[in-house]
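Here the structure comes first, spelled out in structure tokens, and everything after it is commentary.
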2 protein chains.
Amino acid sequence: MAVSRTMGAGTAKGKRIAVVSRHAEADASLEVDQLSQYLGYSLKRAQLRIFDDFIHCVAPLQLTPAQFAVLLLLEKNPGRNQTEIARTLGILRPNFVAMLDELESRDLCLRVRSDNDRRSHILALTEKGAAILARAKKLIGTKHEARLRELLGDDNRALLLAMLEKIAREF
Amino acid sequence: MAVSRTMGAGTAKGKRIAVVSRHAEADASLEVDQLSQYLGYSLKRAQLRIFDDFIHCVAPLQLTPAQFAVLLLLEKNPGRNQTEIARTLGILRPNFVAMLDELESRDLCLRVRSDNDRRSHILALTEKGAAILARAKKLIGTKHEARLRELLGDDNRALLLAMLEKIAREF
DNA sequence: TATTGTTATACTCTATAACTATA
DNA sequence: TATAGTTATAGAGTATAACAATA
């Protein structure tokens, strides 16, 4: 015996297991309610769903969420080097290299050796990069984020965003 | 001209870069406001932060969020097999094998060949698994989730959870 | 024939050490 | 000596095909 079905504490004797007594509910979906009460769990599930939809919406442009973030950051922060952009996005510098290689090979951004400090590469959007970014923003705004606003409502979406930012910054 | 500061397309000649003209703001933090307005981005940042804190809180028990989820699911759903548990958590069956090997090697759960269908392994918490799970719940409840409630407020936390679940289920 | 658990495998992400060229 | 970009590498996480045992 050692273990019963629910595996209990001490008394592992007569404990029958649920399998047998699961009659009406049959093989229905499992009990997940308690798990869903953990913010980490629900956060992760929602994040995966959101990223999935994001990728689907931007599929014609072949941009990952991370690549989109890089392009957007370059647009808003011209003249920054790799270390600054990577750090801001929480990407480690070594891992940022291949990512930039990919974006640069697609002519979406480029590295320019700085005159001030010849060690660092200043990053810049190319015209094509700016164009792709503009198209991505439009796709995401009209499809992805639009559906999200529809689902949650405008006020709730703003509240959700505010709480997520608060967690990221203050927790 | 083509592009000014954001770098342009072809003409790579006299293009000066912004570095020089960043005076007062110096090397302050970058502009991330627009990026933070994308739910996917803020969701991901918050999720990473939450997982980080979760892992830190249950460090004495050496449980990952995924392992905790498995144990909790086993407790609430006795008599289920690997496929059912894995599917519910969005884990692919092949990847679930090593995870169970680890949990079983630590005597936190065990596989029991089913009498009904000798192909399937019924999963069960061991006594030690139940004990570890109980301690994990307490740690998470009194540290992790408690601080979260403190940060957001009880009502807001409930609202946040409701929206995340809605996204996971209906988006 | 279909399904359960499994192996093998590959691809992405993430993480660390160490090299080079500059400072 | 310290820093920026890079290489190499290792570890998670995730994905698919295919096999043995069983249905």
Approximate separation, where rounding is to 0.5 Å, of Leu125(A) CG and Lys128(A) NZ:
13.0 Å
Given Gln82(A), which of Arg93(A), Arg111(A), Arg87(A) fulfils the side-chain hydrogen bond (donor to acceptor under 3.5 Å, both in side chains) condition?
Arg111(A)
Please enumerate all residues that pass salt bridge (charged side-chain N to carboxylate O under 4.0 Å, His left out) together with Asp154(B), with sequence neighbours excluded.
Arg149(B)
Pick out the pairs of N or O atoms, protein on one side and nucleotides 20-23 of chain D on the other, that lie under 3.5 Å.
{"unit_1": "dA23(D)", "atom_1": "OP1", "unit_2": "Arg118(B)", "atom_2": "N", "d": "2.8"}

DNA chain D-proximal residues of residues 94-104 of chain A, any heavy atom under 4.0 Å
Pro94(A), Val97(A)
Output all residues satisfying salt bridge (charged side-chain N to carboxylate O under 4.0 Å, His left out) with Glu150(A), sequence neighbours left out; order by chain, then residue number.
none
Taking the side chain as C-beta and beyond, is there a heavy-atom pair between Cys109(A) and Leu100(A) under 4.5 Å?
yes
Which is the 5'-most and which the 3'-most nucleotide of DNA chain C that has an atom under 4.0 Å from a heavy atom of chain B?
dA2(C) to dA8(C)
Find which nucleotide of DNA chain C each of Ser120(B) and Leu92(A) is nearest to by heavy atoms, and output the residue with the more 5' nucleotide.
Ser120(B)
Output the rounded distance in Å from CZ (Arg93(B)) to C1' (dC19(D)).
16 Å
Any side-chain N or O of Thr83(A) under 4.0 Å from OP1/OP2 of dG5(D)?
yes
How close or far is atom P of dA4(D) from atom CD1 of Ile85(A), stated in whole angstroms?
13 Å
Please list, chain by chain and in numerical order, all residues satisfying salt bridge (charged side-chain N to carboxylate O under 4.0 Å, His left out) with Asp117(A), sequence neighbours excluded.
Arg119(A)
Among residues 36-52 of chain A, which contact DNA chain D at a heavy-atom distance under 4.0 Å?
none
Any residue meeting ring-ring contact (aromatic ring centres under 6.0 Å, His included) with Tyr41(B), in chain and number order, not counting sequence neighbours
none
Going by heavy atoms closer than 4.0 Å, what residues in residues 54-66 of chain A are next to DNA chain D?
none
Test item: Arg157(B) and Leu160(B) side chains (from C-beta on) under 4.5 Å apart, heavy atoms
no
Rounded to the nearest 0.5 Å, what's the gap from CG on Leu35(A) to CD on Glu75(B)? Could you check?
11.0 Å
Just wondering, do Thr64(B) and Ile55(B) contact through their side chains at under 4.5 Å, heavy atoms?
no
Pairs involving residues 66-115 of chain B, ordered by first then second residue, that meet ring-ring contact (aromatic ring centres under 6.0 Å, His included) (sequence neighbours left out)
Tyr38(A)-Phe68(B), Phe54(B)-Phe68(B)
List for me each residue that meets ring-ring contact (aromatic ring centres under 6.0 Å, His included) alongside Phe171(A), sequence neighbours excluded, and say none if there are none.
His144(B)
Please walk me through it: do Leu108(A) and Val70(A) pass side-chain contact (heavy atoms from CB on, under 4.5 Å)?
CA-CA 10 Å; Leu108(A) 301 182; Val70(A) 170; over 6 Å; no
Residues passing the salt bridge (charged side-chain N to carboxylate O under 4.0 Å, His left out) test with Arg45(B), sequence neighbours excluded, are none
Is the shortest side-chain N/O distance from Arg111(A) to OP1 or OP2 of dT6(D) below 4.0 Å?
yes
Any non-hydrogen side-chain atom of Leu43(A) less than 4.5 Å from a side-chain atom of Leu164(A)?
yes
